[in-house]
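Got a structure for you, questions after.
All residue numbers refer to positions in the sequence shown, counting from 1. As the structure is a prediction and not an experimental result, all values here were calculated from the model. In listed order, ligands and their atoms are each counted from 1.
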Amino acid sequence: MHYHELGLKGHNRTAFEKRLMYNVRTLLENAPVEKVTRISGRILVMYLPDADTSAVADTADLLAKVPGVARVSCGFVCERELDTMYAAADLALREAEPFTTWKVVARRSHTDFAIDSMEMNQLVGAYLCEHHPDKPVRMKRPDVEVHVEVVQGHAYIYAQSIPGVGGLPVGTAGKVVCLLSSGIDSPVAMWRMARRGATCIGVHFSGRPQTPSTSEYLVDDIAHVLERFGGVARVYVVPFGDYQRDIAGMVPPSLRIIIYRRLMMRIAQRIARKEGAKALVTGESLGQVASQTLDNLAATNAAVDMQIFRPLIGNDKLEIIADAQKLGTFEISSVQAPDCCTLFMPRSPETHAKIAEVEAAEEALPWQTWVDEIMEKIELHEYRCPSSYKGKPSVAAKDASQAHVGELSSLA
Ligand code: ATP
Ligand code: MG
């Protein structure tokens, strides 16, 4: 696994690398992986010798989605011995089918290996030319690059790479509380924060008991998707329907949505304080719906002191949908659920709420008492997130030098 941004972190680099290794070891618990180690600016994930091909491919796909991973290369580790290296390079190239053009990119990290990069390029290149006579070599932008890297006593050989999500490892940027509906946007917003290294806590407002619990099941399904990559630590579920019904009966219809939102923010802020989180996150994007105009966003902000992040503010819906599809939450989010915000929806919501008017309308509500009451009713669902995981990962973290490399072993 390659990581870019971590390299930029100066003296924090070791801590970031350790965090990424720990996250990977925790997330790979059920994968056919023998160990995870660090080696010369990369992380080495060694598969079990009997791992089957599809499990290896699934694991590589999962690794590519772990925040902090820039690229995953799949190949082999072997002894620094030319014949073995040739065989590994040949195997790696065959696994890269279909392709037409190729070249060798060799590198040695230390002169204790007598053959330099230029010579390795020539030797491995000549061997592959002989065994793949119908495939032309191309130096400029070939379809496949066969990497041969001699690092710390072994040779690492790979020809296939998949791009990773990049970003920073979860657990390196503090905690945030994300308002998570079962819609398309908020899971993407949460994922963006996880990709920046934040530990994400969700809070979902359910229409229960005024609606069935469909949205809660959907949010749980969404959390299970995010959980695979460490994107969620826990989700608080708030039965909110009765409060919405009461708000609907007590404030002017045009202000209902703003007032629901402000109450949601206050509860989310309480949860954030309890959790030691330092920001709230929503899936809002400017102008998408009536509650997302600049005036209404300002009226929502005014209910709390804590900073609110809106990672999707400048995205349009099609971009958000594309991200939701990549993340794997789009289908779940497309299932219709009675949403607590569409419940008691006014016919014409205010699009330019004035804070003074909103505050005046809220005077009719015992919202402070409600917040205390709701905090007692809240339900907690835990997910496995490496940054809050307490156990010891079952995947070992042995030193690479202890690796058994008698035969060609698969690695990512
Ligand atoms: P989404 O697809 O995320 O539901 P949306 O386009 O439907 O967004 P709104 O319903 O206006 O937009 O919600 C804006 C944001 O408010 C959401 O992205 C989410 O962060 C928060 N939010 C809305 N409804 C809920 C809810 N029931 N529980 C938790 N957060 C919510
Ligand atoms: Mg919504």
Side-chain angles (χ1 to χ4, degrees), residues 176-193 200-208 210-220 222-223 226 232 234-244 247 256-272 279-294 296-297 299-301 303-304 306 308-325 327 329-346 349-351 353 374 378-379 381:
V176 298
V177 165
C178 307
L179 283 85
L180 190 61
S181 72
S182 63
I184 294 165
D185 307 335
S186 45
V188 175
M190 184 153 166
W191 173 233
R192 294 244 183 122
M193 296 306 290
C200 295
I201 314 286
V203 48
H204 174 64
F205 296 88
S206 156
R208 184 162 48 96
Q210 301 291 326
T211 65
S213 325
T214 323
S215 69
E216 295 173 39
Y217 295 122
L218 296 175
V219 164
D220 182 53
I222 287 168
L226 286 156
V232 59
R234 55 184 75 95
V235 174
Y236 288 86
V237 175
V238 182
F240 201 54
D242 288 347
Y243 298 93
Q244 285 190 286
I247 292 171
R256 267 180 211 166
I257 294 194
I258 299 288
I259 291 173
Y260 298 156
R261 279 279 194 282
R262 283 166 58 93
L263 184 57
M264 287 183 181
M265 286 296 175
R266 289 176 175 125
I267 295 160
Q269 178 171 259
R270 267 285 188 95
I271 293 172
L280 307 178
V281 177
T282 78
E284 288 158 315
S285 102
L286 188 61
Q288 194 189 78
V289 289
S291 61
Q292 300 176 21
T293 63
L294 282 181
N296 288 2
L297 294 175
T300 309
N301 289 358
V304 289
M306 197 169 275
I308 303 176
F309 294 138
R310 298 181 167 93
L312 309 181
I313 197 74
N315 282 109
D316 67 45
K317 196 78 188 184
L318 291 179
E319 290 167 333
I320 301 169
I321 289 174
D323 276 10
Q325 282 167 332
L327 175 60
T329 52
F330 179 72
E331 279 186 15
I332 306 168
S333 293
S334 303
V335 176
Q336 288 302 316
D339 181 75
C340 72
C341 280
T342 44
L343 191 68
F344 312 112
M345 186 84 154
E350 176 61 68
T351 49
I374 288 170
I378 215 155
E379 296 152 23
H381 298 253

Taking 4.0 angstrom as the limit and counting only heavy atoms of Thr282, give me the atoms of ligand 1 inside it, by number and element.
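Near Thr282, meaning under 4.0 Å from one of its heavy atoms, ligand 1 has 20 (O).
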
Examine Gly283 against ligand 1 and note whether any of their N/O atoms are separated by less than 3.5 Å.
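Such a contact does occur with ligand 1.
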
Donor-acceptor contact below 3.5 Å, side chain Arg208 vs main chain Phe240:
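Not at all, since once roles are kept as given, no pair shorter than 3.5 Å links the two residues.
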
Check: Ser206 side chain, Ser213 main-chain N or O, donor-acceptor pair, under 3.5 Å
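Checking the backbone N and O of Ser213 against the side chain of Ser206, no donor-acceptor pair under 3.5 Å is found.
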
Taking atom CD of Glu216 and atom CZ of Phe205, what is their separation to the nearest 0.5 Å?
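It is 12.0 Å, given to the nearest 0.5 Å.
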
Atoms in ligand 1 with a heavy atom of Glu284 nearer than 4.0 Å:
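Matching atoms, with element in brackets: 14 (C), 15 (C), 18 (O).
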
Side-chain (Asn296) to main-chain (Glu350) donor-acceptor, under 3.5 angstrom
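Confirmed, Asn296 side chain pairs with Glu350 backbone.
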
Salt bridge flag under 4.0 Å for residues Asp323 and Arg192:
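Arg192 and Asp323: salt-bridged.
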
Just jot down the ligand 1 atoms closer than 4.0 angstrom to any heavy atom of Asp185, in number order.
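Checking each atom against Asp185, I get 1 (P), 2 (O), 3 (O), 5 (P), 6 (O), 8 (O).
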
Using heavy-atom distances, let me know which of Arg261, His204, Gln292 sits nearest atom 16 (O) of ligand 1.
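Of the listed residues, Arg261 has the closest heavy atom.
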
Can you list the atoms of ligand 1 that are under 4.0 Å from a heavy atom of Gly183?
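Ligand 1 atoms under the 4.0 Å threshold to Gly183: 1 (P), 2 (O), 4 (O).
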
Show the numbers, then the answer: is there a side-chain contact (heavy atoms from CB on, under 4.5 Å) between Arg262 and Ile267?
CA-CA 9 Å; Arg262 283 166 58 93; Ile267 295 160; over 6 Å; no

Report yes if some N/O of Ile184 lies less than 3.5 Å from some N/O of ligand 1; otherwise report no.
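Yes; the residue has a nitrogen or oxygen that sits under 3.5 Å from a nitrogen or oxygen of the ligand.
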
Quick one: pull up CD in Gln292 and CG in Leu286 and give me the separation to the nearest 0.5 Å.
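Reported value, rounded in 0.5 Å steps: 8.5 Å.
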
When you compare ligand 1 with Ser186, is there at least one nitrogen or oxygen pair between them that comes in under 3.5 angstrom?
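For ligand 1, there is an N or O atom that lies under 3.5 Å from one belonging to Ser186.
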
Residue-ligand contact Val203/ligand 1, heavy atom below 4.0 Å
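True for this residue.
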
Is there a donor-acceptor pair under 3.5 Å between the side chain of Ser186 and the backbone N or O of Leu180?
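Pair absent, no side-chain N/O of Ser186 close to backbone of Leu180.
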
More than 12 non-hydrogen atoms from neighbouring residues, nucleotides or ligands closer than 6.0 Å to CD on Glu331, yes or no?
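Incorrect, the count does not exceed 12.
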
What are the atoms of ligand 1, with element, lying closer than 4.0 Å to any heavy atom of Leu179?
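Under 4.0 Å from Leu179, ligand 1 has these atoms: 19 (C), 20 (O), 21 (C), 29 (C), 30 (N).
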
Can you check whether Phe205 has an N/O within less than 3.5 Å of an N/O in ligand 1?
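Phe205 vs ligand 1: N/O contact under 3.5 Å present.
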
Which is closest to atom 26 (C) of ligand 1 in terms of heavy atoms, Ser215, Ser181, Ser182?
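Going through Ser215, Ser181, Ser182 one by one, Ser181 has the nearest heavy atom to atom 26 (C) of ligand 1.
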
Gln288: numbered ligand 1 atoms lying under 4.0 Å from its heavy atoms
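Once the distances to Gln288 are compared, the set is 5 (P), 6 (O).
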
